Every structure is written in C-alpha cells, then in structure tokens.
Trainee: 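This is the structure I have questions about; it appears just below.
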Protein chains: 2
Amino acid sequence: MNNTLSIVGTTQDLSYNIAAVERDTGLSKDTLRVWERRYGFPKPLRDRHDERLYSLPQLEKLRLLRLLIDYGHRPGKIINRSVSELTQLISSRSPAQTPPPEIDAIIELLLRHDVENFRNALLQALMKQGLLRFVTETVTTLNHWIGEAWLTGRVAIFDEHLYSEHIQNILRNAIIAQPGRGSVPRVLLTSLPGEKHRIGLLMVEAVLTAEGAACVALGTETPVIDIKNAVPAYAVDVVALSFSSAVTQSAALAGLTELRGLLAEGVEIWGGGGALARARKAPEGILLLRSFEDMRYALERWRVEHVRR
Amino acid sequence: MNNTLSIVGTTQDLSYNIAAVERDTGLSKDTLRVWERRYGFPKPLRDRHDERLYSLPQLEKLRLLRLLIDYGHRPGKIINRSVSELTQLISSRSPAQTPPPEIDAIIELLLRHDVENFRNALLQALMKQGLLRFVTETVTTLNHWIGEAWLTGRVAIFDEHLYSEHIQNILRNAIIAQPGRGSVPRVLLTSLPGEKHRIGLLMVEAVLTAEGAACVALGTETPVIDIKNAVPAYAVDVVALSFSSAVTQSAALAGLTELRGLLAEGVEIWGGGGALARARKAPEGILLLRSFEDMRYALERWRVEHVRR
DNA sequence: ATTGTTCATTTGTCGTGGACAAGATCGAGT
DNA sequence: ACTCGATCTTGTCCACGACAAATGAACAAT
C-alpha cells in the first residue's frame, strides 16, 4: 500500500529515501534509477543497506528539472546543468507581460501572506462581478498568473496551497447557495485517477450550477469503472471530465475513449481543461470543450436536442 | 512521470496494463508482480512483448482484496479464495450495531442516490444543531458509519466521493461565513504527504474558526520543509496536523517528531485524528489531541499562557 | 486483565541490468 | 508547408534476489 509517511532523517540535515523523493517530485522510482544509471544524476548516498539516500539539494534540483521538462525541455540536455543555470532557464522563459492590475493586487496580497485581506479581496471580486464573470475571468487569470509566479519562484508552494484552499472555500460557498432542484441536464463531474486538480472541476461546477444544470460532483480521481457504475445510479445525462495541463493530451484522449466504450450511447461525454485546450479533433462520441463559452453552448445544444414534449 | 492515463484495450473486452491496474486498485506494480510470483494470483495474460495484460475480473478481484486487506485481513490468507467467498467475507463483516436513526436517515438518502434531499438533510442538520455540534456529533458519526457501510459494500466508492464533496461544500461554506479578524492564536492547518483525507482537516478548521482562532489552511499533503518555511511567513503560533486512520500511528508520530526538530521552540505542534486517537504518550514538545474536546481545551490553555499584557 | 518483550513469519519495497515501446527530432520527398 | 519514415531519446517493463518493516504469537511482568 502506498501510504507511507516515512522520511528518513537525522535531526539536522535530512535525507530522503527513494519513495519520499517520488512523492515530492512526482518522478517515478524507475525514472530516478534510470537517470542515475544514464546521466549520473542524481547520485544519492547509500545507507548501510545500500539503499539510496537523497539530499535536500538533490531533491530541489529534481523539482526544477521536473518543472523544465513539463515545460518542454529534454532531460538529457538539462540534467547536468547547475542549479543556477536551471533557475535562469526558468526565468528567461517567463513572458514579458505582466498581469492586469486588479489581478496583480490580489497576487500581491498573497505574496505578503496577508490572509485576511487576500480572502476579502477575493470575496469582493466575487460580489462585484457575480459568479459567472468571477469564475470565467478572475479565477482563470489568477490561476494562470499564480502558476507563472510559482514557476519563477516568486510564489512558494505553501502560498499556492493557501490560494487553492481559499478559492475552494469561495467556489463551494457559491455552489451551495444555488437551489438546483429538478434541473436538467444532470451532469456527473469528476476527473480520472492521476488528475488531482480540484479547482478546474469546481469552476465547472459553479458555472454549470449557475446555468441551471444539476451537478453530481464526485471530486477528483474516480476510476473509470466507478464512473461507469455511477452513471446509472445517479441517472445522469452527461459525464464531464476535467484534465489539467499536468496530464498529457494523449493520456486525456485515451481516458475519454476508454470511458466512451463503457458508457451507454445516450450518455454524452464532455472533456475539457488545459490538456485538451489545443486538441485538434475529438474522438468519436466525445465533445471537447475548449472554453467556458463552449460549455455554455454545449448545454444550450443539449437542451434543444432534448426538448420536453 | 506518473501521469499516464493510458489503458490498453480492444473495443470489446478490455485488458489493462500494469500501470492501469496500479491506478485503479492502488496496489503498486511491485506488489502486483510479487503476488504473482508468490501466490500465483493475479496471473495475467501477456501481450506480444511479454507485458502483463490484466482482465476485468482480475481487476475486480484485486479491488476486493484491497478492501479486505485494508480492513485487516492478511493477503496470504485470502488471495486464493474465490470471488464469492471474498464477497461473503465482506458482508459477514457487518457489525452488530446500527447507526442512530437520524444518522441512518441521512445514509439512506445517500444509498438512494437522492442528491437533492441528501444535501438538504445535511443543511438542515447544520441549521438545527449549529456548527459546533454539527461537526463534533453529526459529521463525526456520519464519517464512521459511512466508512463502515463502505466496508460492507453497501455504499459504493462513488457514493463516498459524493458524500465527501458535499460535506466539503457545507463545511467550507460555514468556514467562510465566519469573520475571523485579528484573532489569536494563528494556527497553521495541514497534513503530511501521504495523508489525503480532507474532511478531518476541514472539521478542525471549522471548529477552530468558530472558537475564534485564525486558521491558515494549506490543504492536505504539505511536505515538512514547506511547513517549516510557511511558519515564519504566516507568523503562526501553532501548527496542527491531522492523521486519519489510513496511516499507522508510528508513521504519524515520526512525522510529528521530524517536524518538531525543524520548528522554532515557541511554535506549538498539535497532532490529532484517527491514527493518534489511541496513542499512549506524546513525543517531547508535541500535544496530542484525542478529541475535539481536547482541542478546545488546548486552545483555552494557549490563550491563558499567552495573555496580552 | 493489561502492557511490554522477544522471536518467527509474512509482506512490501528496494536493488541490479537488460530490453524495448512510445515519443521526440530531423531530414527527405511530395 | 506538410506527411512520412529513420533515428535517437526516454520512460516503463521485466525477472528475481535480498531484506526491512509490519504483524502475530508466545510468554513474562506489572
């Protein structure tokens, strides 16, 4: 079972065993070992039983590498560069643009760790704009720029955690405020195992609920089989899946196709999110939503096609 | 990278490669291979390149096994029983006790997949009892009995997902409703990597906020180093960590001790949750909270010890 | 009766290297 | 500009040996 919390460590400078590194970097054990074999990095110390002990600097460099690889760099080209070269690569990649001032003001509060005012700024934006605009404009751009700031190291991991929690609070608060009795269509909302990003899912739920659909939200990481079983149980008309850009496009399409094979014909499948934003054509029987605009249109279309007699 | 969603499959009856099985069962590839070697199950077909291809029945039996093992059965004893024997084991596991009627009524709605009324029943309970009693009584017992019903197979995985989402909606809604300006102490709230249960964390946040503390919630799975860095950034007085019964007690204690070594003396560490409920004695410099009562007492004590001049 | 200790067994994770599929890159040809 | 195939790169899979960590049983001590 993969529920170890263990971190090997002496009091002062700690070392991480290979499982801890896999957790903290997202690089599989196989990958870590094969990198060591091929490129000579990371070359961890060994404990008394010849098991790998990674140091904190190694772990930090691995995180940098992961980031750059996600961004399109090839491992072999960058793995033996120094940490400073890598950070330079990251910052040089960042676009010259700056976020719009109202977004920047909010990010500024996050950077100052001013929890109360950060929360209030978000709430005020929501009040001022209404749920739909708040989600489709403010939250979308906030996500983008905070991701950007994280890449360049301006925003720490815990800041991003905090941001995610607060957005969740606000979105869930907005969702629960909606009535949503007997609405159509009934939409099952979730992501496949491996996809952990909750915010995209909540944004969709907020918009759909606001547009009068009935959402059955299952959170993240529902195995395909369980989705298949949930569809008849909750009598849903549509299954909507979210894929953040942390997953590859091909993986997302494969998951969608897999699900299509398992579900009844009448049930629609919608897929959206960063991983699919640039997808060319949809697999048979699947609707790709490249924007919130697309989604509202899809909703409209469903309703026209399923008019009550 | 472990973000493959790929599933190998022909249109009709699909087979799953070892990565897909790892995802859907939570059993690591190493475990799957060593079970095959030792016990002869699961013995998957091989593709043209000698790679394992698991069938759907195998996958389903693996999920049953996982369930029983989580409950305390030993793999070696049950792995070669038939599926019907295993399901029998699960249903015979059902405890003599039954949940109190008001809890049972709510669970019944979940079993009927009656989303709207389920939501309303939860909201009504909250209104009737107030936040504190709702969390410490209703949610606590609901968690317990739904976990129980899941073990006996009465509640499906997707039902539990749905339950978790709704509880989150409600708790976060309650949290955001509180003012919380300039309160003390400032409490950082999170869990360590590997601990994914969010509900316990949210329950604590709800209670603490209601009691007038200022919570800085980082969600689940924050690496120790990031906690260490967050403490000065957010100027917190207390770090509170939650450990569900999915982790072992020793792992929880190790994590707490590890953290203690990294944080400044003045910062308190509180640990709570299922894994620690039966812990004997706390490590040096750590406060174990075995109940919500304990937590309110700890809060009281902190305030007395840090009286404003 | 509960708690601590010791010892044997079970079980999951780690190690090694070899192999190869799937992806990425690049050049040639339409 | 674009497919197409050849070529390199990279992650995942395999086998199987070893052993640490978890569990259970047996027993002593409080």
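Here is the naming used below: chain letters follow the sequence lines, and residue numbers restart at 1 for every chain. Note that this is a predicted model, so its numbers are computed, not measured.
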Trainee: Measure CD/B/Glu22 against C1'/D/dT12 and give the value in whole Å, please.
Mentor: 11 Å
Trainee: Which nucleotide in the list C/dT11, D/dG11, D/dC14 gets nearest to the side chain of B/Arg74?
Mentor: C/dT11
Trainee: Taking CG from A/Asp70 and P from D/dT10, how many angstroms apart are they, rounded to a whole number?
Mentor: 15 Å
Trainee: Where the side chain of B/Val34 is concerned, which of C/dT13, D/dT12, D/dC13 is the nearest nucleotide?
Mentor: C/dT13
Trainee: Would you please confirm or rule out a distance under 4.0 Å between OP1 or OP2 of C/dG15 and any side-chain N or O of A/Arg52?
Mentor: yes
Trainee: After noting the C-alpha distance and the side-chain angles of B/Asn17 and B/Glu51, does the key distance pass the side-chain contact (heavy atoms from CB on, under 4.5 Å) rule?
Mentor: CA-CA 8 Å; B/Asn17 61 26; B/Glu51 308 201 333; over 6 Å; no
Trainee: Separation of B/Ile69 atom CD1 from D/dA22 atom C1', in whole Å?
Mentor: 14 Å
Trainee: For the residue pair B/Trp270 and B/Glu268, confirm or rule out a side-chain donor-acceptor distance under 3.5 Å.
Mentor: yes
Trainee: Check whether the side chains of A/Thr87 and A/Ser84 place a donor and an acceptor atom closer than 3.5 Å, and report yes or no.
Mentor: no
Trainee: Quick check: do A/Leu192 and A/Ile227 have side-chain heavy atoms less than 4.5 Å from each other?
Mentor: yes
Trainee: Among residues 37-50 of chain B, which ones have heavy-atom contacts with DNA chain C below 4.0 Å?
Mentor: B/Arg38, B/Tyr39, B/His49
Trainee: How close or far is atom C1' of C/dC14 from atom OH of A/Tyr54, stated in whole angstroms?
Mentor: 11 Å
Trainee: Nearest nucleotide by nearest heavy atom, which residue falls closer to the 5' end of DNA chain D, B/Ile18 or A/Gly76?
Mentor: A/Gly76
Trainee: Once you round it to whole Å, what is the distance between C1' of C/dG12 and CG of B/Leu32?
Mentor: 12 Å
Trainee: Indicate yes or no: at least one non-hydrogen side-chain atom of A/Tyr16 is less than 4.5 angstrom from one of A/Leu53.
Mentor: no
Trainee: Between the side chains of B/Glu195 and B/Ser244, does any donor sit under 3.5 Å from an acceptor?
Mentor: yes
Trainee: Provide, to the nearest angstrom, the distance between the CG atom belonging to A/Leu65 and the C1' atom belonging to D/dG11.
Mentor: 15 Å
Trainee: Between A/Asp30 (CG) and D/dT9 (P), how many Å, whole number?
Mentor: 21 Å
Trainee: Quick check against the 3.5 Å criterion: does A/Thr31 have a side-chain atom that pairs as donor or acceptor with the backbone of A/Leu27?
Mentor: no
Trainee: Under 4.0 Å between a side-chain N/O of A/Thr31 and OP1 or OP2 of D/dT12, yes or no?
Mentor: yes
Trainee: Quick one: do the A/Glu221 and A/Ser191 side chains pair a donor with an acceptor below 3.5 Å?
Mentor: no
Trainee: So A/Arg33, base contact, sugar-phosphate only, or nothing? Heavy-atom distance under 4.0 Å.
Mentor: base
Trainee: Using the C1' atoms of the five pairs at each end, what is the angle between the end axes of the helix from C/dA1-D/dT30 to C/dA28-D/dT3, to 10°?
Mentor: 50°
Trainee: Within the 3.5 Å criterion, strictly below it, is a donor on B/Asn143 or B/Tyr163 matched to an acceptor on the partner's side chain?
Mentor: yes
Trainee: Which one, C/dG12, D/dT10, C/dC14, comes nearest to the side chain of A/Pro75?
Mentor: D/dT10
Trainee: So B/Arg63 and A/Asp226, salt bridge (charged side-chain N to carboxylate O under 4.0 Å, His left out) or not? Walk me through it.
Mentor: CA-CA 12 Å; B/Arg63 303 179 113 212; A/Asp226 294 305; 2.7 Å; yes
Trainee: What integer distance in Å separates B/Glu51:CD from C/dG18:P?
Mentor: 18 Å
Trainee: Within less than 4.0 Å of OP1 or OP2 of C/dC14, is there a side-chain N or O belonging to A/Lys29?
Mentor: yes
Trainee: With a 4.0 Å limit, can you tell me whether A/Ser28 has a side-chain N or O closer than that to the phosphate oxygens OP1/OP2 of D/dG11?
Mentor: no
